[in-house]
Amino acid sequence: AIACSRTVSQVVLEVTSKSTRREDLGDKLVRYQDELQVPEYFLFDLRREWIREGLRGYRLHRGRYEPIVADAAGRLPSRSLDLELAAVERQLRFYLPGASAPLPTRAEQLEQEREQTAQEREQTAQAQERATQAQEQATQAQEQAAQAQERATQAQERATQEHERA
């Protein structure tokens, strides 16, 4: 005998449209609810063709899907993901609970990393410039000190010569 274990997803996120609406709310919903018992089912309508708010979610409660109510910000909380989901423009965005900004997309992460690298380079260049200026100032101070020492030596020599003449 072979032992089989069936892993069930905790969340299904379906990209839906007007043309797939019946299947998404019919056969798929029944399968996820009754056969697979997926705890959460989300429908994301990218073009908002039939879901005006762009996103709809269902949570399994006593064997039946019940609509997930949006919070004050219009987000749908996912217990399974411990995140909040929202349709923003034409994107599905994920938020940490209560956060004002969404989690960054991969493209946004790369842009943030590029900006951070550019800032670090600029800071390094500025620090190098300050170090160069400090080195130049130190060199000038040494030259001024050497000139002052030379003048003091010359003044001493003159004073000695005048003392000898007197």
Side-chain angles (χ1 to χ4, degrees), residues 1-140:
I2 298 175
C4 293
S5 68
R6 189 173 78 169
T7 303
V8 176
S9 296
Q10 294 296 303
V11 175
V12 169
L13 177 58
E14 192 79 49
V15 177
T16 188
S17 68
K18 196 174 185 179
S19 64
T20 64
R21 175 184 182 176
R22 286 199 172 129
E23 183 182 2
D24 296 335
L25 288 176
D27 294 342
K28 287 183 181 182
L29 186 138
V30 169
R31 182 165 190 249
Y32 299 144
Q33 174 183 268
D34 298 338
E35 295 173 32
L36 299 174
Q37 297 180 344
V38 176
E40 292 179 334
Y41 179 43
F42 291 93
L43 296 166
F44 174 55
D45 184 357
L46 172 71
R47 294 184 188 103
R48 298 178 189 237
E49 292 176 333
W50 69 275
I51 301 175
R52 187 173 46 87
E53 56 281 353
L55 183 66
R56 186 175 290 171
Y58 300 93
R59 185 170 294 120
L60 201 59
H61 180 72
R62 296 183 181 167
R64 296 293 218 208
Y65 276 138
E66 293 183 357
I68 297 173
V69 178
D71 65 10
R75 300 180 196 159
L76 300 180
S78 169
R79 292 179 187 157
S80 298
L81 298 174
D82 195 26
L83 294 171
E84 297 172 350
L85 288 70
V88 179
E89 295 170 5
R90 293 178 60 111
Q91 293 184 338
L92 177 63
R93 300 303 303 255
F94 297 87
Y95 295 76
L96 293 173
S100 60
L103 295 172
T105 64
R106 183 67 184 135
E108 290 168 343
Q109 279 181 320
L110 292 173
E111 181 59 29
Q112 288 172 355
E113 289 170 8
R114 278 193 287 275
E115 288 175 5
Q116 184 176 358
T117 299
Q119 287 175 351
E120 289 170 356
R121 282 190 193 128
E122 180 63 28
Q123 290 171 350
T124 299
Q126 289 173 355
Q128 288 174 337
E129 179 63 28
R130 287 191 301 274
T132 299
Q133 290 173 352
Q135 183 63 43
E136 289 172 357
Q137 289 173 351
T139 300
Q140 288 175 353

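Please read all numbers here as calculations on a predicted model, not as lab measurements.
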Next item on the list: Begin from the C-alpha positions of Glu120 and Gln116 and carry the test side-chain hydrogen bond (donor to acceptor under 3.5 Å, both in side chains) through to its verdict.
Entry: CA-CA 6 Å; Glu120 289 170 356; Gln116 184 176 358; 3.3 Å; yes

Next item on the list: Report the residues that fulfil side chain to side chain donor-acceptor pair (under 3.5 Å) with Arg114, sequence neighbours left out, ordered by chain and then residue number.
Entry: Glu111

Next item on the list: For Arg31, enumerate each residue passing the salt bridge (charged side-chain N to carboxylate O under 4.0 Å, His left out) test, keeping only those at least two apart in sequence or located in another chain.
Entry: Glu35

Margin query: Nearest 0.5 Å, please: how far is OG in Ser17 from CD in Glu23?
Written below: 10.0 Å

Item checked: Residues which pass side chain to side chain contact (heavy atoms under 4.5 Å, CB included) with Leu81, listed by chain and number, not counting sequence neighbours -> Val11, Ser78, Leu83, Leu85, Phe94

Checklist line | With Gln10 via side chain to side chain contact (heavy atoms under 4.5 Å, CB included) - residues at least two apart | finding: Pro39, Ser80

Note to self: Test: side-chain hydrogen bond (donor to acceptor under 3.5 Å, both in side chains). Region: residues 45-58. Which pairs qualify, not counting sequence neighbours?
What the structure shows: Thr16-Trp50

Check: What do you reckon, is CD of Glu89 surrounded by more than 12 foreign heavy atoms closer than 6.0 Å?
Finding: no

Check: Among Leu92, Val12, Ile68, which one satisfies side-chain contact (heavy atoms from CB on, under 4.5 Å) with Phe42?
Finding: Ile68

Counting only pairs under 3.5 Å, give me each side-chain donor-acceptor contact of residues 69-76, with atom names and distances, residues two or more places apart or in other chains.
{"from": "Asp71", "atom 1": "OD1", "to": "Ala73", "atom 2": "N", "distance (Å)": "3.0"}
{"from": "Asp71", "atom 1": "OD1", "to": "Gly74", "atom 2": "N", "distance (Å)": "3.1"}
{"from": "Asp71", "atom 1": "OD1", "to": "Arg75", "atom 2": "N", "distance (Å)": "2.8"}
{"from": "Arg75", "atom 1": "NH1", "to": "Glu84", "atom 2": "OE1", "distance (Å)": "2.9"}
{"from": "Arg75", "atom 1": "NH1", "to": "Ala99", "atom 2": "O", "distance (Å)": "2.7"}
{"from": "Arg75", "atom 1": "NH2", "to": "Ala99", "atom 2": "O", "distance (Å)": "3.1"}

Notebook entry, point to check: Taking only residues two or more places apart in sequence or in another chain, which ones pass side chain to side chain contact (heavy atoms under 4.5 Å, CB included) with Val30?
Noted result: Asp34

Check: What is the minimum heavy-atom distance between Glu108 and Thr105, and which atoms define it?
Finding: OE1-N, 2.8 Å

Next item on the list: Test Leu110 against Glu113 for side-chain contact (heavy atoms from CB on, under 4.5 Å), laying out the working first.
Entry: CA-CA 5 Å; Leu110 292 173; Glu113 289 170 8; 3.9 Å; yes

Next item on the list: Locate the shortest heavy-atom distance separating Ala87 from Phe44; write the atom from each residue and the value.
Entry: CB-CE1, 3.8 Å

Note to self: Suppose we screen for side chain to side chain donor-acceptor pair (under 3.5 Å). Which residues come up paired with Gln112, at least two apart in sequence or across chains?
What the structure shows: none

Next item on the list: Would you please name every residue forming a side chain to side chain donor-acceptor pair (under 3.5 Å) with Arg106, sequence neighbours left out?
Entry: Gln109

Margin query: Using 0.5 Å steps for rounding, measure from the OH atom of Tyr41 to the CG atom of Leu25.
Written below: 6.5 Å

Check: In chain order, what residues pass the side chain to side chain donor-acceptor pair (under 3.5 Å) check against Glu14, with sequence neighbours excluded?
Finding: Lys28, Tyr32

Only pairs under 3.5 Å count here: list side-chain donor-acceptor contacts from residues 128-135, not counting sequence neighbours, and write none if there are none.
{"from": "Glu129", "atom 1": "OE2", "to": "Gln133", "atom 2": "NE2", "distance (Å)": "3.2"}
{"from": "Thr132", "atom 1": "OG1", "to": "Gln128", "atom 2": "O", "distance (Å)": "2.9"}

Next item on the list: Would you check if Glu66 and Arg59 make a side-chain contact, meaning some heavy-atom pair closer than 4.5 Å?
Entry: no

Note to self: Determine whether Leu103 and Arg93 satisfy the following criterion, side-chain contact (heavy atoms from CB on, under 4.5 Å), listing intermediate values before the conclusion.
What the structure shows: CA-CA 7 Å; Leu103 295 172; Arg93 300 303 303 255; 6.0 Å; no

